[in-house]
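The structure under discussion appears below in the form of C-alpha cells.
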Number of protein chains: 2
Amino acid sequence: MKNKIENFHDHNNCPIRHVLDRLGDKWSILVLITLGSKKDPTRFNEVMHEIGDISQKMLTVTLRTLEADGLVSRKHYPEIPPRVEYAITDLGASLLPHIDGLAGWAAKNMDAIAKTRKKFVSKQKAA
Amino acid sequence: MKNKIENFHDHNNCPIRHVLDRLGDKWSILVLITLGSKKDPTRFNEVMHEIGDISQKMLTVTLRTLEADGLVSRKHYPEIPPRVEYAITDLGASLLPHIDGLAGWAAKNMDAIAKTRKKFVSKQKAA
DNA sequence: CAGTATCCCTTCCGATACTG
DNA sequence: CAGTATCGGAAGGGATACTG
C-alpha cells in the first residue's frame, strides 16, 4: 500500500485529491458507469432515464465536465429535433475497472457496515 | 464490467451510491489513507498535521463517521492531557487497495486530463 | 430533444471561541 | 490534547420555466 497514495501533502499534485475533486460529486461516476455499460453511443434522454433521479441540469453539467476531461465524448447531430449522443472514451473506460473494484468491495461489505453503524448510533444514544 | 455496477437503479441498494454517499466527501478517503499508511495507532493531532489542511472540526466529524462505519477504531486513554489514538480496522484496510487502484489511474492520467480540459476550455471561449 | 437560465434551499465546511 | 458549539460564507444541486 506504499505506492501512489501517500504524497497527498502536496495538495496540487495529489492523485487522490484530483479524483475526489473531479469525480467525487453526486453524479459523475454514475454517468460514467451508465455510458460504460453500453457499447453504443447513448442519447441524452436515455442516460437520464437510465439513472432515473438525476435532473436535466445536473446531467448537462456532469456530461460537460466529463467531456472536458476527456472521459466522455459528445456527438451532436444538427437535426430537428436535435439528437446528441454520448459515449465513454477509452480513457473513461480505463477508469471503470477501478470503480468496479470499489463497487465490489461495497457490495460485499455494505450490510456489515450498516449494522455496525446502527450499533454505534444506539450506543451514542445510550451514552 | 458487467458484475456489480449496473444495478444502481435500485437507489437504496446500489453499492456505488453507498460508497459515494459515505466516502465521497472531502476528507474520509484522505483520513483512511493516512491511518492506513501507519501500522501504529495514531493520535488526533498527528493525523491532523499529516493531512495538513483539514480543520479540527472536520477531522472530528470524519473520524466519527468512519468509526461508526467500522472502518476506523478509536481508543481513548483517560489521562490528563487526554490521549486518543485512531487506527484503521481490517475492514478499512480492505478498502485501501481499491483506493490505490484509483490513485494509480489518476497518477497515470491526470496530466493528460489537465491538458484535455485546457483545450476544451479554450475551444469554449473561441465559440 | 436537448439543452439554458434562474431561483432558492440545503448541505458542507472553515473560522473562531470555548472546555474537561 | 482532543475535543464541542456556534456562526456564516460558499458550493451543490433540485424545481421550474423557457428555447432553438
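Note on naming: letters A, B, ... go to the chains in the order of the sequence lines (proteins, then strands), and numbering restarts at 1 for each one. In what follows, every heavy atom counts, from backbone to side chain, and hydrogens, waters and symmetry copies are set aside.
Between A:Asp25 atom CG and C:dT11 atom C1' there is a gap of 15 Å when expressed in whole angstrom units. As a whole-Å value, the separation of B:Leu59 CG from C:dG14 P is 11 Å. Between the P atom of C:dC12 and the CG atom of A:Leu20 lies a distance of 14 Å, rounded to the nearest Å. Atoms CZ (A:Arg22) and P (D:dA11) sit 15 Å apart, rounded to a whole Å. Between A:Glu46 atom CD and C:dC1 atom C1' the separation is 13 Å, expressed in whole Å.
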Side-chain polar contacts of residues 104-116 of chain B - donor-acceptor pairs under 3.5 angstrom, sequence neighbours left out - could you list them?
from: B:Trp105; atom 1: NE1; to: A:Ser94; atom 2: OG; distance (Å): 2.8
from: B:Asn109; atom 1: ND2; to: B:Trp105; atom 2: O; distance (Å): 2.8
from: B:Thr116; atom 1: OG1; to: B:Ala112; atom 2: O; distance (Å): 2.8

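Dashed line: the shortest gap from a side-chain N or O of B:Tyr86 to OP1 or OP2 of D:dG3 is under 4.0 Å. Contact annotation: A:Arg43 reaches the phosphate of C:dA2 (side-chain N/O to OP1 or OP2, under 4.0 Å).
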Evaluate B:Thr62 against B:Leu30 for side-chain contact (heavy atoms from CB on, under 4.5 Å), listing each step before the verdict.
CA-CA 10 Å; B:Thr62 303; B:Leu30 260 22; over 6 Å; no
Determine, stepwise, if the pair B:Leu71 / B:Thr65 fulfils side-chain contact (heavy atoms from CB on, under 4.5 Å).
CA-CA 9 Å; B:Leu71 303 179; B:Thr65 307; over 6 Å; no
Carefully, step by step, assess A:Val84 and A:Arg74 under the rule side-chain contact (heavy atoms from CB on, under 4.5 Å).
CA-CA 7 Å; A:Val84 179; A:Arg74 174 180 190 269; 3.8 Å; yes
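Side-chain N or O atoms of A:Ser28 include none that pairs as donor or acceptor with a backbone N or O of A:Lys26 at under 3.5 Å. Within the 3.5 Å criterion, the main-chain N or O of B:Val47 finds no donor-acceptor partner in the side chain of B:Thr42.
B:Leu63 is linked by a side chain to side chain contact (heavy atoms under 4.5 Å, CB included) to B:Val31, B:Leu35, B:Phe44, B:Leu59, B:Val72, B:Tyr86, counting only residues two or more places apart in sequence or in another chain. Every residue meeting the side chain to side chain contact (heavy atoms under 4.5 Å, CB included) condition with B:Glu85, not counting sequence neighbours, appears here in chain and number order: B:Pro41, B:Arg43, B:Tyr77, B:Arg83.
Where DNA chain C pairs in unbroken runs of 3 or more (Watson-Crick or G-U, both distances under 3.5 Å), the stems are C:1-20 with D:1-20.
Residues from residues 64-80 of chain B lying near DNA chain D, meaning a heavy-atom separation below 4.0 Å, are B:Arg64, B:Arg74 in numerical order.
In this structure, A:Arg17 pairs ionically with B:Asp53, as a charged nitrogen and a carboxylate oxygen lie closer than 4.0 Å.
Annotation: of the two residues near DNA chain D, B:Arg83 and A:Gly24, the 5′-most nearest-nucleotide partner is B:Arg83.
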Could you encode protein contacts along nucleotides 14-20 of chain D as a string, one character per nucleotide from 5' to 3', using B for base contact, S for sugar-phosphate-only contact and - for no contact, with a heavy-atom cut-off of under 4.0 Å?
BB----B
